[in-house]
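In what follows, a single structure is set out as structure tokens and then discussed.
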Number of protein chains: 2
Amino acid sequence: MTDTTSPGVPLTAPLYKELVRQMRDALGSGEWKPGEAIPAERRLADRWGVSIGTVRKAIDELVAANILIRQQGRGTFVATHTRDRMLFYFFHVVPEDGAKVYPVVRLVSFTRGKADRGEADHLAIVSGDTVVRIRNLLELAGDPIIVDDLVLAAARFPGMTERQFRDRPSTIYNLYQDAFGVSVVRTKERLRARTAEPDVAALLGMPRGAPILEIRRIALGLADEPIELRTSRVNTQHHEYYAEIGGAP
Amino acid sequence: MTDTTSPGVPLTAPLYKELVRQMRDALGSGEWKPGEAIPAERRLADRWGVSIGTVRKAIDELVAANILIRQQGRGTFVATHTRDRMLFYFFHVVPEDGAKVYPVVRLVSFTRGKADRGEADHLAIVSGDTVVRIRNLLELAGDPIIVDDLVLAAARFPGMTERQFRDRPSTIYNLYQDAFGVSVVRTKERLRARTAEPDVAALLGMPRGAPILEIRRIALGLADEPIELRTSRVNTQHHEYYAEIGGAP
DNA sequence: AAGTGGTCTAGACCACCAT
DNA sequence: TGGTGGTCTAGACCACTTA
């Protein structure tokens, strides 16, 4: 019915793109697990009957996307959301002096409910489906700075309990990965300035009507599927949101 | 005096990194100008006596940094800040429906003054050096949404005039590039929520004390030298700041 | 010493663009 | 038709890690 010969849509994709697809499958199916090494480049070249250069080009893409990590002499590993490694990749709130400090997360509430229309759209589920709602209070250097509201599709996290969020050794995305095999790979964020709602202001110890920075995030997985909806409210009296556009020199 | 054999500091840099340095020089010196094609890969390989694969790897880096642009069949070109190409790379304010609209820039004021301590530090000049200060009002779809305050080191932009900012066919970074040979390559931004100052609120048609999004940007050039200090105040009633973390799939 | 990723080569062939 | 970038190969050698 449609014209499949239009330019920009080659009928045969490049070989290395096909390898990227195969690797994404291996990652999504759990054949290659977070933290583990994938087979050596020479072995992959043999397995797929291609040149080692082609394998390297495919791996390059997944390394650039922060999904694989190369370590010379050791191997190539599937990325994990450890506190030291990936936290600051997604966490962009810093003190105004720029130093990076680890947030301490305190669970405020954990409930289940039904997705409203907007939530369902963003999570690629149906309006009325069960969602898990979590509110966290994040402290930086001892002070309450951020209120996080998370919304998750319950179906994607079967058997999730409040306890998992209460005593957690690592990051929240590490919990998703370890306990549910769900890997957050990238996020889209929208920021705006608002006046704080009373409950948020109270948690942050701010006066009513104080300006707060609101961040609405969608976290996406390996296949670009939506995983988490997050609204963060930040007290930017002494903290800022940091962003770089364009790679380092 | 110092130990130069410490790990992570190889004595001989990879060949392709050396090529990257040579290319940055050619760009910085004006041998390769914005909009023009650089020599073909085969010619560069001959010129430097290396394999074409090594040249490609070096070009890859500058393409990833948005400094060069490959076009199959045509050549490799030096990036320009045209309205359609680079504007939305650095301009991240969008209507809440997500559509991208071109800002209309109105010059509010153009003055010269002396750099204070903080400005001098960020611009890598000396406190008291002459700076150019520009205030712009940006309209999106006819409404005033953003107030921009720019600070530039006068020495870097000799003979800059108010007129250049008043009737401008393209973007401000395009002006820097065309009229002064200064290319903005990347930016660092810090965002926070504040209450609007009276003059800013007036320009944006907001009530006193309304919350606004403040963006403090440092724009950096080819050699990572600071070029421009910019403070943007955004009315985020119906607009948002958009950011993506992690590449597209 | 063995195994890994990192660099570099010298070519072949293809897809695309201009003329 | 000739020139460009894009893909792919089959190796060699190096740097690094681990045992």
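Numbers restart at 1 for each chain; the letters A, B, ... are given by sequence-line order, proteins then strands.
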>> Measure CD/B:E18 against P/C:dG6 and give the value in whole Å, please.
In response: 21 Å
> What nucleotide among C:dT4, C:dC8, C:dG6 has an atom nearest to a side-chain atom of A:A40?
Replying inline: C:dT4
> In terms of side-chain heavy atoms of A:T76, which of D:dT17, D:dT7, C:dG5 is nearest?
Replying inline: C:dG5
>> Can you identify which nucleotide, out of C:dT9, D:dC8, C:dG5, has its nearest atom closest to the A:L15 side chain?
In response: D:dC8
> Among C:dA15, C:dA18, D:dT9, which nucleotide sits nearest the side chain of B:Q72?
Replying inline: C:dA15
>> Reading DNA chain D from 5' onward, which residue's closest nucleotide shows up sooner: B:Q71 or A:G49?
In response: B:Q71
> Between D:dT7, D:dG11, C:dC8, which nucleotide has the shortest distance from any of its atoms to the side chain of A:I52?
Replying inline: D:dG11
> Which nucleotide, D:dG5, C:dG6, D:dT18, lies nearest any side-chain atom of A:R70?
Replying inline: C:dG6
> Is it true that A:D167 and A:R163 have a side-chain N and a carboxylate O under 4.0 angstrom from each other?
Replying inline: yes
> D:dG6, D:dA10, C:dC8: which one has an atom nearest the side-chain heavy atoms of B:R42?
Replying inline: D:dG6
> CZ of A:F77 versus P of D:dT17: gap in Å, rounded?
Replying inline: 12 Å
> B:Y173 and ring pair (Phe, Tyr, Trp, His ring centres under 6.0 Å): which partner among B:F180, B:F90, B:Y89?
Replying inline: B:F90
>> In this structure, how many angstroms lie between the P atom of D:dG6 and the CD atom of B:E41, rounded?
In response: 6 Å
> Of A:P39 and B:Y16, whose nearest nucleotide on DNA chain C comes first from the 5' end?
Replying inline: A:P39
> With respect to the side chain of B:T54, which nucleotide from D:dT18, C:dC8, D:dG5 is positioned closest?
Replying inline: C:dC8
> Any side-chain N or O of B:R74 under 4.0 Å from OP1/OP2 of D:dG5?
Replying inline: no
> To the nearest Å, how far apart are B:D60 CG and D:dT7 P?
Replying inline: 10 Å
> To the nearest angstrom, how far is A:I38 atom CD1 from C:dT4 atom P?
Replying inline: 12 Å
> Has B:R83 got its NZ or CZ under 6.0 Å from the middle of the six-membered ring of B:Y102, at an angle within 45 degrees of the ring axis?
Replying inline: yes
> Between C:dA18, D:dG5, C:dT9, which nucleotide gets closest to the side-chain atoms of B:R56?
Replying inline: D:dG5
> Can you tell me if B:E228 and B:Y176 form a side-chain donor-acceptor pair at under 3.5 Å?
Replying inline: yes
> In whole angstrom, what separates A:K57's NZ from D:dG5's C1'?
Replying inline: 10 Å
> What's the CG-P distance between A:L44 and D:dA10, to the nearest Å?
Replying inline: 16 Å
> To the nearest Å, how far apart are B:D46 CG and C:dG11 P?
Replying inline: 11 Å
> Between the side chains of B:T231 and B:D149, does any donor sit under 3.5 Å from an acceptor?
Replying inline: no
